[in-house]
Amino acid sequence: MTPRTMTNRRTLLKGAAAGGLLAAAPLAARFASAQSAAPIRIGFQQHSTGIGAAYGRWYGRTTEAAVKMINDAGGINGRPVEIVAEDDGTDPKRGAEVLEKFANQSNCDVAFGTLFSHVVIGSAPAAGELKLPYFVVSEGHHVASGMLNRYTLQPGITDVKSQVQAMAPYVSENLGKKVTMIYPDFAFGHDHRDYFSAAIKEQGGEVLEMIAIPPTETSFTKYFPKIPRDTEVVYHVMVGPAVLTFVKELGEFFGPSRPEIFGFIDSLEAVDLASPGLEFLEGTYFWEGNPRYAQEDQTSHDKLFREAVGVDANGASVSDPKDVSTYAHMFGCWETLHIIKAGMEAANYQGPEDRAKLIEAVEAMTDMPESDAHPQGPKRFNGKTHQVFGVQYISRVENGKLVKVHTTSIEDTLYPDEVDYTTMSF
Amino acid sequence: MEFGPHLLLAVLEGAVGAAVLALTALGLSLVFGVMRVVNVAHGEFFMLGAVIAWFVATSFGGQPAVGFVAALAVAPLIAGLVAVLVDRLILKPVKYDPEATIVGTIGVLYILQQTALMTYGPEARPVEPPFSHRIALPWFEWGENGFAMFYPWGLSTNSYKLFVIAAAIVILLVFWLVMTRSRAGLLMRATQLDRETALAFGIPVSRVYSVVFGLGAGLAALAAVLIVPIQQAHYLMGHDPLLLSFIVVIIGGLGSIRGTVLAAVLIGMSDGIISVFLSPTLSKIIATLLVALVLVFRPQGLFGKKPA
């Protein structure tokens, strides 16, 4: 007979604690094999798992397409480009580990990628210590605010501060002046909170309520009753796997009588606008970094970019119309890789000993005209703050599609420098 | 929003949470009560239910109700079968030793999670509810013109959410009937009371254990199928239910069904109400504090029996 086993509260608690600890631990990292130094190796920090997975999938496809285009045209300085992709689990701690691996094990020349601001903030110190140029595609204001270091640059996508500053006049003039904000409770959301509320005040408007939602939340009904009744505009931005639930519940909450709604497209990235429950979005507005639906005035550059990545006119994968892209953001990977190419060619980059020269070459960049390398639109890079500025788009949902109704100028997005990275030593 | 309608909304929100939590925690409590096994993988069985529900519901297509009903039948069954396998392959060979089963179920947690990641992928995916109507709720109040009814802005619920609450109550009643009125329930209770005597009376304890472990996982999966049209299925969704279930089971008393249900209602409702009025983080803090208080002042839980 088996001995009688006794479990008491202590073992139960032990189990609960052990389970909790293990659940929080990162997954075992995959190991890539070291290879010869002949190709230029770009370490790609990819959100393959975790709350950023949908972005990671499309950032991966965009990166592949950009590298193919660069290699087909002869590579960088005559050398082929090779991507070393590593999953960062959308986790700051793992992000830093991944950077170390790029520098010490996989012999990468530079690191590139990642969207989620907490991963960028967690990884940037490692980039500085490893002296590894770190090109991020994250939109957060942390690069331009001076929070990071000289090795971290954001040359391929605009930051939240400039985006919301350019949007605020449109919101206050066309939708209303009493705004309630709903945003995720981490760095990216805080940028929205701080800079949009400031921008709307400057327009003579007022933010009635600011509702912060933890990034891992899966049900949102409990937050909506905090929306004051005299709200004229609901401003929403949400990221992560639960965005569809968020938007659906928002519509259910309001029912037939909703205020004006202005959303950042993050709340709908990788989500099909035709999903059931989203009908109420008809007539609402969205910020789009890059218009998801091919517009009437589509440029040849957008056409080429769409075809290269494999995206149809509705912003979904050509092979699966249900697989909707993160179109408003992923151009950042394409443009950043082209800037790395331009920077390496300007610096005559040979190997890791030229990393400082590469950063100086990128810092020297200014205007980047709209082109195949910059399909989203023209850009202006500020070498002092390591941040790029560009046009922004506002779209309105009409007949289940996003139709562009307003384009801001680059000037609308500018703000005074908060840092001068070029004065920092390497 | 005014206080009254706000509170009504919070109570409804809490009731949905409590209903799902009661089912999930009951599974954990049952397994612990009968087998003395701390199932750390319980949250992953919950996740498994949600993920299978997505596979089943999408493979049917057409009317969402058909896929949902199929998921309701299939997902708990598969999760239960997986649990029976776990019992046979892992728990039985280590002779249900408390420390070994904790380590074993931690392993199961990772295997299930990574299998879901490899087959289902890292995305969150929705299952369409079988039906969903927005129900605007009226509010009654004494105003300047006496008693009046009006529809405050935003005060509404959803027919599917009401269904989840009703379904959970029905399942709990059926479970209670099975435990108290059926032969299977009798065997489980006998095994729970005294394993050796049960064996001596010819009860197939090993088979009872398998069934109980499967039933526990099935309850978690059932809860997940109910919640997945509201929340979406995701391979990391097992953490929260596991943690909350542990909280409920500790507060309610180990292995006590009555205590588990009561504690689930308490935690679920307070979670709903506190997170609507104050903040969701605060509600988790209070739940954890409650666990600490229970452990200090009533270590056996609200309805647990003191060890002899």
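Letters go in sequence order (proteins before strands), and every chain restarts at 1.
Both the backbone and the side chain of B:Gln231 come within less than 4.5 Å of a heavy atom in chain A. With a threshold of 4.5 angstrom between heavy atoms, A:Phe254 approaches chain B through its backbone and through its side chain. Interface residue B:Ser132: only side-chain heavy atoms are found under 4.5 Å from chain A. Using a 4.5 Å cut-off between heavy atoms, B:Ile230 contacts chain A through both its backbone and its side chain. Within the 4.5 angstrom heavy-atom criterion, no atom of B:Lys92 approaches chain A.
Annotation: residues 255-272 of chain A contacts chain B through A:Gly255, A:Pro256, A:Ser257, A:Pro259 [non-hydrogen atoms, separation under 4.5 Å].
Ring-centre distance between A:His192 and A:Phe188: below the 6.0 Å cut-off. Here B:His133 and B:Tyr160 keep their ring centres 6.0 angstrom or further from each other. You'll find the ring centres of A:His47 and A:Tyr55 outside the 6.0 Å limit.
Classification of B:Glu123 and A:Arg57 as a salt-bridged pair holds, one side-chain N sitting under 4.0 Å from a carboxylate O. With respect to the salt-bridge test (charged N to carboxylate O, under 4.0 angstrom), the residues A:Asp323 and A:Arg61 qualify.
Between the side chain of A:Gln45 and the backbone N or O of A:Gly113, no donor-acceptor pair lies under 3.5 Å.
Shown here are the salt bridge (charged side-chain N to carboxylate O under 4.0 Å, His left out) partners of A:Lys248, two or more places apart in sequence or in another chain: there are none.
Side chain to side chain, A:Glu209 and A:Thr180 fail the donor-acceptor criterion of an N or O pair below 3.5 Å.
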